[in-house]
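Each chain gets a letter, A, B and so on, in the order its sequence line appears, and its residues count up from 1. Computed from a prediction, not measured in an experiment: that's the story for all the values here.
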Amino acid sequence: MILLANYGYLTATTLFVVGMILMGNPKKAARGNGLLILGMILAIISTFALSLSNTGTIPWNKIILISSLILIGTYLGRKISFSFKITRMPELVSLFNGFGGLCAALISLTGIIAYQGELNIFTKVILMGSLFLGLVTFSGSIIAYYKLAGKLKSKLSNNVIFMWITLFSCFLILFDGLMESNTFDFTISLVLLSIFSLLHGIFFANGVGGGDMPVLISVLNGLTGVLTAISGIYFENTIMVLLGVFVGATGLILTIQMSKAMNKSIRKVFIGGNKISKFKPTDLELKINETSPSSIASDLTYAKKVAIVPGYGLAIAQAQKTCLELKQLLNKYDTDVKFVIHPVAGRMPGHMNVLLAEANIPYEDILDLEQGNEYIAESDVCFVIGANDVVNISAENEKTSPIYGMPIIQTYKSEKVVVIKRSLSNGYADIQNPLFGEENCRMFFMDAKIGLEQIVVDLKER
Amino acid sequence: MILLANYGYLTATTLFVVGMILMGNPKKAARGNGLLILGMILAIISTFALSLSNTGTIPWNKIILISSLILIGTYLGRKISFSFKITRMPELVSLFNGFGGLCAALISLTGIIAYQGELNIFTKVILMGSLFLGLVTFSGSIIAYYKLAGKLKSKLSNNVIFMWITLFSCFLILFDGLMESNTFDFTISLVLLSIFSLLHGIFFANGVGGGDMPVLISVLNGLTGVLTAISGIYFENTIMVLLGVFVGATGLILTIQMSKAMNKSIRKVFIGGNKISKFKPTDLELKINETSPSSIASDLTYAKKVAIVPGYGLAIAQAQKTCLELKQLLNKYDTDVKFVIHPVAGRMPGHMNVLLAEANIPYEDILDLEQGNEYIAESDVCFVIGANDVVNISAENEKTSPIYGMPIIQTYKSEKVVVIKRSLSNGYADIQNPLFGEENCRMFFMDAKIGLEQIVVDLKER
Amino acid sequence: MENVFSLSPIDGLYTILLCVLVGIEVIRNVPAILHTPLMSGSNAISGIIIIGGVIQLLENDLGLNFTTIISCFGVLIGTINVSGGFFVTHRMLKMFKSSKN
Amino acid sequence: MENVFSLSPIDGLYTILLCVLVGIEVIRNVPAILHTPLMSGSNAISGIIIIGGVIQLLENDLGLNFTTIISCFGVLIGTINVSGGFFVTHRMLKMFKSSKN
Amino acid sequence: MKKIGLLKENNNRSIVALSPMNIKKLVTSYIVLVEKNAGIEAGFSDEKYKLNGAEIVENRSDLIEKSDLLITYASEINLNGTQGEKTIIGCYHVLDGNDIYDFAKNQNTSFFSLDLLPRTTLAQSMDILSSLASLSGYQAVMSGLNFTKKIAPMISGAGGTLQPAKVLVLGVGVAGLQAIATAKRLGAIVSAFDVRKQTKQEVESLGATFIEIEGATEDHTSGGYAIEQAADFNLKIQQTIANNCADIDLIITTAKIPGKKAPILITHEAIRRMKTNSVIVDLASSTGGNIEPIAHSNPTITILPESELFNTVGHSASILLGNNITAFLTYLSAHEDNIHNDAILSAALVSENGNIINQRLLNQQ
Amino acid sequence: MKKIGLLKENNNRSIVALSPMNIKKLVTSYIVLVEKNAGIEAGFSDEKYKLNGAEIVENRSDLIEKSDLLITYASEINLNGTQGEKTIIGCYHVLDGNDIYDFAKNQNTSFFSLDLLPRTTLAQSMDILSSLASLSGYQAVMSGLNFTKKIAPMISGAGGTLQPAKVLVLGVGVAGLQAIATAKRLGAIVSAFDVRKQTKQEVESLGATFIEIEGATEDHTSGGYAIEQAADFNLKIQQTIANNCADIDLIITTAKIPGKKAPILITHEAIRRMKTNSVIVDLASSTGGNIEPIAHSNPTITILPESELFNTVGHSASILLGNNITAFLTYLSAHEDNIHNDAILSAALVSENGNIINQRLLNQQ
Ligand SMILES: NC(=O)c1ccc[n+]([C@@H]2O[C@H](COP(=O)([O-])OP(=O)(O)OC[C@H]3O[C@@H](n4cnc5c(N)ncnc54)[C@H](OP(=O)(O)O)[C@@H]3O)[C@@H](O)[C@H]2O)c1
Ligand SMILES: NC(=O)c1ccc[n+]([C@@H]2O[C@H](COP(=O)([O-])OP(=O)(O)OC[C@H]3O[C@@H](n4cnc5c(N)ncnc54)[C@H](OP(=O)(O)O)[C@@H]3O)[C@@H](O)[C@H]2O)c1
Ligand SMILES: NC(=O)c1ccc[n+]([C@@H]2O[C@H](COP(=O)([O-])OP(=O)(O)OC[C@H]3O[C@@H](n4cnc5c(N)ncnc54)[C@H](O)[C@@H]3O)[C@@H](O)[C@H]2O)c1
Ligand SMILES: NC(=O)c1ccc[n+]([C@@H]2O[C@H](COP(=O)([O-])OP(=O)(O)OC[C@H]3O[C@@H](n4cnc5c(N)ncnc54)[C@H](O)[C@@H]3O)[C@@H](O)[C@H]2O)c1
């Protein structure tokens, strides 16, 4: 029976790893996910078998309890995950990750309480450490969740300091709890540790800019992995150790990859906070949401209709051919891509036509202002490449604007607007564009050619 | 001591794996190779340590013997590997692989002879199996070596049959040798097995077409891995098992990847033999050397100067933009790329100019016939894309040719010629082109656009 | 070879080492559009921690005490993580099904 | 935890399993231009089989008999494989050094 | 409803100020009268106008008499003896110092000349100058090349390789940019120069080379227009151009300064150095031209002083012109009560009740 | 050394049969005499010829008298009273039934007309027809467009969107292909038709659309040329074209059949359906043209019968022409002893000693 359980674990591990490998390939990813689910089921069954072989009897009541917990949990998980719109998936991942952290914290709490007296220092470190990590993950993930949902935008100026203070406190409490001659009662230690861990998670997450959220989630995800591995050592359970290590490793690499894709060092993401350094001082303070090539890439693939709005910046960057490549790649995903040309885009009549003709973009994929605005209204993503004045919404809603009354491309009618330009600086008319601060608008500050190439690379599967 | 040796092995394994990972990245590959070397040294030292801890005494004489063997071997290996031109590296890999196979065969032979009486059936299977595999690898690799070197071109019509006969014989002998009541004396069995194994290797390798050689080498390489793992089980040596398995796995995947890159199923490579199915009957029988996108890609990156000769096929395939991409990628490798335009290439004067201008290829990278031929004389690779008549060497060396006397692009002046077209069919003038059968000419039968895209994908590192 | 198949005395380390490497390799070359699904998947995997809770529940006595409740809650929350993770991944991946190539 | 760090009784299998996976993953996504160097590198690694020869030489008596000679020859040939493999790989990789990006 | 009268151009132009497509839109708020054969040169028959709801008027003076708004590009209009208030909308290049618009002195007449519109983003949809300059730039290449006796693209054929033509564009405003784009399209090698720094980027965005000359003066308050340069800098420009023109096949000059004489960019010396058969198209000729005005010394080169090349693509030109004027009419009717305070309308208004009131025009005089 | 005489074209052509660059090469094996002002129209001054080693001869009859080989594109040549053997090399389109080449009847005269060269890969470097057809195709677009009063590319500007011009090319030989390429370059939407099947691929290789009409007859022994089609298929072609031409701005016809009248592709009916301002450039006009030859019914369209459009790019044309003729001279001197057995030379040889001996010409007569 032990052997059976162990082979079960072995098989489950294989399923997990192979599943993850498959998930790296867009065509097989769905099958990979299936394998992961199988692996999870197998792992749980094996655990039953293992414990059964230890105790000898079949503890029906426990099995029923656990099974029903699992069933309820599954039901809830399903419900939650289907109650969100597809564009909000990253938020959900963050939320669930928080649950994972909480679960780990609870489990170590049980461990601590149940065996309070009998714990040696090694297990104590493990348990209290995992309590700490679990709660940090939990509160951090929840913050990330709210930030992603756009419900939280407050930025504390002294965030970094608080982060370090809370972290330090946690260590103090931990250390103190381990001492024989602890100052606090152990229960109080636990409570304090919990509080400070939660606080630390909050500050940790809050320090990260909106555009960098995916990196944060990835880090927290990796933390969960480490947690799992630590718990595995405590429970002397191979599969927990292995998978924990595995998740930790993937989390690490994913973090590196993502910050690379965003052209930022990991240090900058977490310590540097969310300064936009390239800011040009402007009258109006816009709340900018930055984004990254990879998330633009996934936005684009999830979309059914994409409108591309080229502007003078496209001409400067000479990115027209990359545009064609992007379009062709997206067409493969059944995504419809049209180019919407504003009459005064660029610096001469027909400027955009010249570019698009050079890239051999067929005339039927080019829409003028009127058709374009109709198309955009049905589109999922409106992708503005190096345009500014022609998508300036102040022409529609600010009577005082010098361009008030000019017909513009109504990008805001799309589900989501993504803008690629190098900075927040103004266009030809030299007026600020409030579009960039809109809720459904994401900025990617990059030269159009380089940026598009990054997106194209992301889209290309090997 | 044992522990030390074991940690040595562990570290060596890490070095190997990490080394191989690094080798997957062109920028870090050289460092990866360094790690592999370190790993190998460490593994050998650990082996010494291990055996030392088993016996207790330090067997100086043996250590000296072995060390000197290793030194001599290293010296020879270095000498051999530097005595070949860089373009002949694949041959060398094949040669060395053969040595690996021979080594394995010898070691198992020693095992068999030394413990002849004491062997249980399990070890017998292992040893005789590895003798078989070792010798197959050896002779197969040697054949591959000669084929790659162009010194062997004979094709036996009944090759497949012989291959199966020899394989079957080997199994018979092996089976017989294992029986208690063996027909042959054991030594005779061994000799017979050796002979048939060698023969099998020869036929196995000979059945594979010239263009598919890399796949064959990869398979043989994988075999060596399996061999090593088997020996590892015999020697009860972790690192041998692990690395054997590792090499086996890489070999397997590499084989799959390569045959994918050649657009052939593995089955076709080995069983289908080397038929060129798309052959259009021609008067003259040309000896065609086929090649694959990946080997074109590596030829191009190893080159310092590349001349591209476009023809009407480029226009048909509309591959001009992919050409630009190829050029830009190669420029990154410091490779100089020029386009050589023959006055009558295409179907109208300036046909190629139109295409290249559409792809925005700068005028200074376009050479006419005369400059072009000078450039080609210094180039490493001349890449003919969908051209035929304009590179027809019969215009220079066949007085009876209808185009005798027409100046052509002298592709043959380049170190290596690579031609991409869909088949062997003729061009506008409808005469056969003996260039395609030249020794330094490699054919890639594919639509120019698709083919170039495959090459570009290969060239792009992620 | 019977029940125990162990190559060397320090196999555990080999295993962990290799596991880390597999983890790294699996992710390293994944196209960025799959980052989110992968993160979600690996997040679901990390929910394996519920096994800890299960073990606790199985091995401790099942009284209606504080620890049991916490354990139960832990398993519940953990399962939400696991199942939710899988479902989210599933939903995201469905998007790729229409991809033609 | 002393000398032996073993997670479970079948760690050996985990190890081999993971090793295969690492092997596959390492190669799977390598750009094709590196196929030849990689093959060459992994070919050199497979030369680890000389360890077998070394063990034979170390453990058997060192008389001037047939087996010793064969073993010696085996180790020699094997070393050529190993070192040659590394040198070839090295030469091929040098080509990439000039790559600018 | 007010009556719009569309005049036939009478200064040898083959354009018309409104196209039948515009009529369709205008008839919802105006009665539209069209002079007989007004659009015939631009390819719009009277039937097409009628079909879209216009009324054809045989006689020009009838039309003028009946209409409240008179639309033209730049016709001579005789208002003598007409009754009632008239608003005349056209594009008379009033700053260039001509007097075709003497009707402006009439009582009861308002006169908008759209060349005076500010070059702002908001006014662009009415900006006739841009629309027509763009077409002139295109045609400058097309017809200029015809005189070089050469083809533009590189052709490597059995008869040898023909080198691509070299084109130099001086003054990179709207016309210059379009000229660059067109020449690039045809495969020519293009270089360009302008005194405004930002044009460097614009030139490069079209794949052409910018010739840099340090030391230009710019005035950012001039609304995108260039200003006059210091004498020594002008000399420097002229020398640089002379040094660069030896292997050029086609030069297109478009340099203008609003309300001023066009700067001299191509000197006697430059022309002397130019090669046989090369061509200069001077789009700035209406304000004096960019070429030194002395009998030039190189008989083998062709100089084409063209200021209204858009006439040769009258159909396209009329479509754009009509759209611009329609946009102006729409804007006008929306801001009618507020003409003097509206930046766009007041800028374009030349005269009211016989008095020239336009500030820019007055400043100039 | 033999003497080459380069004549000034005297039929109103602005080309010259050898360019100064060719002289440089030829003077190594010939003495080259050039008629005064021979190259002036094509942009080659007498100085340039002199600089490259030629001798300028003031008087035409002097030149003719002195030279052994006379080089021209298709001048009238008066050999009366000249001495010695003369070889005349030109491109007289002898199959089209003209009689400019009456000098061929002279004793002591050999006459090569390079329009008779076989269209083989080997002869391509001497193939004047291809060189000049290619330039004509280019110019057909450039000058044809000028008459449409429209610009070719799509322009989306503040004045609205101008739709790209639509171009239809009939007959996709050398000229047709170049016309397609040029129109595509300028941004037009291009479709094309030819009776030879393989042209479909050629058309598509330039990014244009091919109009398919089933039922053409082809003769693969005709050396790449088309042959006459059955009457009912001709009808089918004419109908299909008529159905396709309603929204075309520019039609370029190039369909020829060597030694035959050009096929009628555009009927009365088709012309009636074409829209205002559209243009037809008929490059086949020298052999009758591709347009139904009756007074056509649509006065708003322009028909340009042009057979020598290359004259408008005389400089480029002369470079190619000169290279072709130089290649022929080189080939001739290498195979001089074997003229009658050489496929290329015998094909181009029209007459010897006053007798027409060319097989194709004789077959035709
Ligand atoms: N069409 C005409 O005929 C014509 C003629 C003259 C003037 N105009 C005027 O020009 C304007 C045209 O509007 P538009 O939206 O096309 O252009 P725009 O308003 O001038 O904005 C262009 C934007 O592109 C960005 N950009 C510049 N280089 C870039 C690069 N390499 N990569 C990415 N982004 C880059 C710039 O922002 P960053 O610096 O932050 O990157 C800039 O804000 C209108 O105001 C119009 O009135 C038009
Ligand atoms: N330039 C001119 O003015 C002119 C005019 C008329 C005729 N010509 C004649 O045309 C010829 C031009 O020589 P060339 O070398 O350019 O062309 P070519 O000799 O006609 O050969 C073109 C080759 O391209 C290959 N091809 C066709 N489609 C392809 C695709 N999609 N992908 C890859 N390859 C493809 C064909 O082989 P597969 O079918 O095996 O792929 C064919 O052999 C000369 O004989 C010349 O005399 C030239
Ligand atoms: N805001 C808008 O929407 C809008 C609309 C149309 C034009 N514009 C802008 O107005 C500006 C001028 O346009 P335009 O074409 O009517 O200008 P223009 O016709 O007055 O002059 C043409 C060009 O000549 C240049 N020039 C003047 N003096 C020169 C000299 N000495 N040497 C070289 N070049 C000289 C000018 O800089 C200008 O680029 C451009 O920047 C254009 O982008 C803006
Ligand atoms: N071998 C060579 O090197 C070489 C050199 C030059 C030309 N060529 C070939 O010669 C051929 C003819 O060239 P060309 O331009 O001198 O031909 P051309 O001037 O004689 O005729 C022009 C075109 O009209 C087409 N045509 C004839 N009757 C037609 C009809 N009823 N309807 C529609 N189209 C019709 C012909 O097919 C031809 O394509 C082409 O295939 C060309 O590629 C070959």
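- Taking 4.5 Å as the limit, every side-chain heavy atom of A:Asp368 sits out of range of all side-chain heavy atoms of F:Ser156.
- Residues F:Gly157 and A:Pro349 approach most closely at CA-CB, 4.0 Å, considering heavy atoms.
- The number of heavy-atom neighbours closer than 6.0 Å to OH of A:Tyr375, taken from other residues, nucleotides and ligands shown, is above 12.
- Put simply, CD1 on A:Ile366 and CE on F:Met154 are 5.5 Å apart, with the number rounded to the nearest 0.5 Å.
- Interface remark: of the candidates F:Ile189, F:Leu162, F:Ile155, F:Ile155 forms the most heavy-atom pairs closer than 4.5 Å to chain A.
- For F:Thr161, the part sitting under 4.5 Å from any heavy atom of chain A is the side chain, from C-beta outward, and nothing else.
- Other residues, nucleotides and ligands place more than 12 heavy atoms under 6.0 Å from the CD atom of F:Glu218.
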